[in-house]
Amino acid sequence: MSTARVLYWFRTDLRLHDSPALKAALDLKPEVLYPIWCWDSHYVYHARVGNNRWQFLLDCMEDVSRSITKLNGKSKLFVLREPAVTLLPRLFKAWKITHLVFEKDTDAYGRERDAQVIESAKQAGVKVMFESGRTLWDSDKVVKANGGKPTMSITQLQHAGAKVGGIAAPIETPESLPDPGDLALDFAQTQPDVSSDINAKYRNGEEGSYNSGVAGPNGDFAVPTLDELGMKPATTPHRGGESIILQKLEAILSDEEYTGTFEKPKTSPAAFEPQSTCLTSPYLHFGALSCRYFYHRVEQIAEKRRQTNKSVSVPPTSLTGQLLFRDMYFAAQAALGWSFGQTYNNSHCRFVPWHLPSKIDLKTKLITGGYEVNDVQKEMEFQRWATGKTGFPWIDAIMRQLNIEGWIHHLARHAVACFLTRGGCYISWERGAEVFEELLIDHEAACNIGNWQWLSCTAFYSQFYRCYSPVAFGKKWDDNGNLIRKFVPELKNFPKKYIYEPHKAPIQDQKKAGVLITGDGEETERDGMSVYPKPMFDFPTQREVCIQGIKQAYRVGLHGNDAKVLDGTWKQLFDDNGEGPTEGEQGGPGGMLSFEDAEGKEDGHHAPLTPRRSSKEEKSKYVPRPTTTTIHKRDRSQGTLDGAFTKKAKK
DNA sequence: TTTCAGGTTGGCTCG
DNA sequence: CCGAGCCAACCTGAA
């Protein structure tokens, strides 16, 4: 028995199986081991996190805590209600810590937070150990093997991965855990600075994370409830936890035909009972499932099938291929840092003059969390998209499923992302990414950002003439419109013939189905009948507008870090009549209105807004969706779970 | 430097 | 009803 007193800092690695960091901690043969979680004010107030993802996180924490207690009745996940950056320096002393161990993060926010923690540990004489564990390969090693560049294709990732070496074999779940030490705390809780609460709309009570002491309302370091966070109950049917997913995984893997021949493009985006894919993504996000364990279990089955001459699917469409894409996005993020999450100053993101562009802080070259409303019509289209009121039932069904359940199929994400950006509204992918960040229970910053760039044809992918139809694509999978009938219940009894284009149905058919197709989504009832909106634009027309717009952007050929993007002179290269905020001399580099005060100020609405399309009247009755138009201090889209600190300006 | 094949997962028509 | 093949048309990376 050594004299090591170990703080094991759980982050997004809420599991006991296959954890390289936990193994490193246990290899110290510690005298005591404290499994802890530091409650992060950034995640509570400033990252976009809806109540569904909160619930999933709390589920995962509860589950890992129970598993810890099973291995040692004295131990559990000790939840400390304070961000790591302020808490740990004092905790090191109070609990006489000798070692701090955690799983490595490679996103920009995580790196900066961890650098601060590592520095404070150094000053306290605490040894720090961390291990890569979130990905198949250490993302930093992948980047190095890829010549220091971000991995922009699956072949690049595969080549770089091969250079790094084999994917590590899974590590056994520990059979016992050391006792925790004395839990007395000789310091008071430090109140984090709370200047705004981006998640206020999810609360029905007071947020209580930081007013009951470090050990929580009962003084027992318990995992909080949604109630303690002042949050409304979750609406998602999906529940988190390592034990749930390990059990579910066995059920999936027991179907060797499904596992061995899985091809993502052949799985239906319209299936919901049950879903057509395994829904492992939220568990992978919170670390409740190890991607390497998943990978090797699938590979074993594939190998068995190969030896018996049974058909086997291969990357990129196979199950293992899905994990490779995840690693590709993680390595791209690891290489690009902050700029990965935005167009501005991103060397690998193509510049397109999208509507509703992000505001930029010129000093840091980072997006502020706000955006320019260059066209009120486009703002309305964005709000209708986000809430599932576009008048295109396929799009609306998916967006409502996202709002209610927090999970939608990958191809469904394609359909709505293409629709918002290059194949419909011509609105910035950064707006869509923010909505997904808020609503998805599986939100993984690297994958979300990467996929939005993919679908908007700004990075990773470029075939913009391949455009998803909001009618034909859905019909291909779900002719009867079952997904629509489930999530757009006002169309539940609509005739199959018109279910994807209800505005084409004769009024008699509408009345018979008990729904009128009219208006723009504000009205929900008329004459005792439900109301569903008309399409917010003619899709074929918009498709053509978008393709021409992107074509011009490709011809101009700018990327986020080109000088003309950085200083705003890109407008000179675009036709004033082109789609997007391309006209005029005024405006900022990322957006177009009064950019000089973007920095530091928090009011998002720079009046007066000048609608470009005078032919379309402003719909003054429309009430915008609050979250996305209320501007907060920078809401970091790459934030992970812990720490809160003031970001220093970069030169 | 030029060339050319390849690119996770579209839409449409025809047999 | 299904699948094959064409359409339309771009960049990127490897050779």
Side-chain angles (χ1 to χ4, degrees), chain A residues 145-163 261-271 275-278 281 298 312-329 332 347-352 392 394-395 398 408-419 421-424 446-448 450-480 496 500-501 539-544 546-560 562:
Chain A
N146 196 46
K149 290 180 292 201
T151 43
M152 300 306 289
S153 72
I154 203 69
T155 46
Q156 279 182 18
L157 184 273
Q158 284 171 308
H159 289 312
K163 284 188 202 167
T261 62
F262 181 94
E263 289 179 77
K264 191 65 164 275
K266 292 186 181 169
T267 60
S268 170
Q275 294 84 8
S276 61
T277 53
C278 341
S281 50
V298 171
V312 173
S313 59
V314 292
T317 55
S318 65
L319 277 176
T320 52
Q322 308 314 301
L323 295 170
L324 292 174
F325 275 112
R326 186 172 169 275
D327 259 50
M328 177 184 85
Y329 289 133
S347 55
H348 285 69
C349 182
R350 191 171 288 283
F351 177 81
V352 176
F392 293 93
W394 170 243
I395 300 297
I398 294 165
I408 51 178
H409 185 275
H410 187 62
L411 288 180
R413 301 181 197 202
H414 278 212
V416 298
C418 180
F419 184 86
T421 58
R422 68 176 167 89
C447 302
N448 187 46
N451 277 319
W452 273 96
Q453 293 178 1
W454 186 298
L455 265 301
S456 61
C457 286
T458 51
F460 300 101
Y461 186 75
S462 55
Q463 289 170 272
F464 53 75
Y465 49 88
R466 288 196 174 176
C467 182
Y468 290 85
S469 158
V471 175
F473 185 66
K475 263 188 192 167
K476 187 170 98 178
W477 295 101
D478 180 11
D479 194 31
N480 191 46
K496 178 181 170 183
Y500 281 86
E501 295 175 283
F539 179 74
T541 308
Q542 268 309 111
R543 180 186 187 277
E544 196 49 34
C546 287
I547 287 179
Q548 292 310 318
I550 299 272
K551 203 192 268 186
Q552 196 194 359
Y554 268 73
R555 256 200 305 271
V556 170
L558 293 172
H559 286 77
D562 282 319

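Protein chains get the first letters and strands the later ones, always in sequence-line order, with residue 1 at the start of each.
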Residues in side chain to side chain contact (heavy atoms under 4.5 Å, CB included) contact with A:Thr267, at least two apart in sequence or another chain: A:Phe262, A:Lys264, A:Ser276, A:Thr277, A:His409
Starting at atom CG of A:Leu411, determine the distance to atom C1' of B:dG10, rounded to an integer number of angstrom. 11 Å
Nearest heavy-atom contact between A:Gln156 and A:Pro150 is OE1-O, 3.5 Å
C:dG13 versus B:dT1 - spacing of their C1' atoms, nearest Å: 14 Å
DNA chain B contacts among residues 549-558 of chain A, heavy-atom distance under 4.0 Å: none
Sequence neighbours left out, what passes side chain to side chain contact (heavy atoms under 4.5 Å, CB included) with A:Ala415? Give chain and number order. A:Trp394, A:Ile398, A:Phe473
Side chain of A:Ser462, backbone of A:Ala459: donor and acceptor closer than 3.5 Å? no
Relative to the 5' end of DNA chain C, which residue comes earlier, A:Ile547 or A:His559, by the nucleotide with the nearest heavy atom? A:Ile547
Does anything in residues 468-480 of chain A reach DNA chain C, meaning a heavy atom under 4.0 Å, and if so which residues? none
List in chain and number order the residues that pass side-chain hydrogen bond (donor to acceptor under 3.5 Å, both in side chains) with A:Asn480, two or more places apart in sequence or in another chain; answer none if no residue qualifies. A:Asn482
Where the side chain of A:Arg422 meets the backbone of A:Phe464, is there a donor-acceptor pair that is under 3.5 Å apart? yes
Distance between the C1' atoms of B:dG7 and C:dA8, in whole angstroms? 15 Å
Identify all stems in which DNA chain C takes part, counting only runs of at least 3 consecutive pairs (Watson-Crick or G-U wobble, each distance under 3.5 Å), and give each as one range with another, ordered by first number. B:2-7 with C:10-15, B:10-15 with C:2-7
Give me the first and last nucleotide of DNA chain C, going 5' to 3', that has any atom under 4.0 Å from a heavy atom of chain A. C:dA8 to C:dG13
Counting any heavy atom closer than 4.0 Å, what does A:Glu263 reach on the DNA or RNA strands: base, sugar-phosphate only, or nothing? nothing
For A:Cys546, the side chain to side chain contact (heavy atoms under 4.5 Å, CB included) test, sequence neighbours excluded, returns A:Tyr426, A:Gln542
Given 3.5 Å as the limit, does a donor-acceptor pair link the side chain of A:Gln322 with the main chain of A:Pro316, or not? yes
What does A:Arg350 touch in the nucleic acid at a heavy-atom separation under 4.0 angstrom: a base, only the sugar-phosphate, or nothing? sugar-phosphate
With sequence neighbours excluded, residues passing side-chain hydrogen bond (donor to acceptor under 3.5 Å, both in side chains) with A:Thr421: none
Given the side-chain rings of A:Tyr468 and A:Phe419, with only the six-membered ring counted for Trp, is the space between their centroids under 6.0 Å? no
Determine the interplanar angle of the A:Tyr329 and A:Phe460 rings, folded into 0 to 90°, and report it as parallel if under 30°, tilted if 30 to 60°, perpendicular if over 60°. perpendicular
In Å, rounded to the nearest 0.5 Å, how long is the span from CH2 of A:Trp452 to SG of A:Cys349? 13.0 Å
Just list the side-chain donor-acceptor pairs under 3.5 Å for residues 547-558 of chain A, sequence neighbours left out, or say none.
{"residue": "A:Gln548", "atom": "NE2", "partner": "A:Glu544", "partner atom": "OE2", "Å": "2.9"}
{"residue": "A:Tyr554", "atom": "OH", "partner": "A:Cys457", "partner atom": "O", "Å": "2.7"}

Could you write out each protein N or O paired with an N or O of nucleotides 6-8 of chain B at a distance under 3.5 Å?
{"residue": "B:dG7", "atom": "N2", "partner": "A:Ser462", "partner atom": "OG", "Å": "3.2"}
{"residue": "B:dT8", "atom": "O2", "partner": "A:Pro316", "partner atom": "O", "Å": "3.2"}
{"residue": "B:dT8", "atom": "O4", "partner": "A:His410", "partner atom": "NE2", "Å": "3.3"}

Return the set of residues passing side chain to side chain contact (heavy atoms under 4.5 Å, CB included) with A:Thr320 (not counting sequence neighbours), or none when no residue passes. A:Tyr295, A:Val298, A:Glu299, A:Pro315, A:Ser318
Considering only the P atoms, how many Å lie between C:dA14 and B:dT8, rounded to the nearest integer? 13 Å
Looking at A:Asn448, is its backbone amide N or carbonyl O close enough to the side chain of A:Asn451 to form a donor-acceptor pair, meaning the two atoms are under 3.5 Å apart? no
Looking only at heavy atoms, the pair that brings A:Ala472 and A:Ser469 closest together is N-OG, 2.9 Å
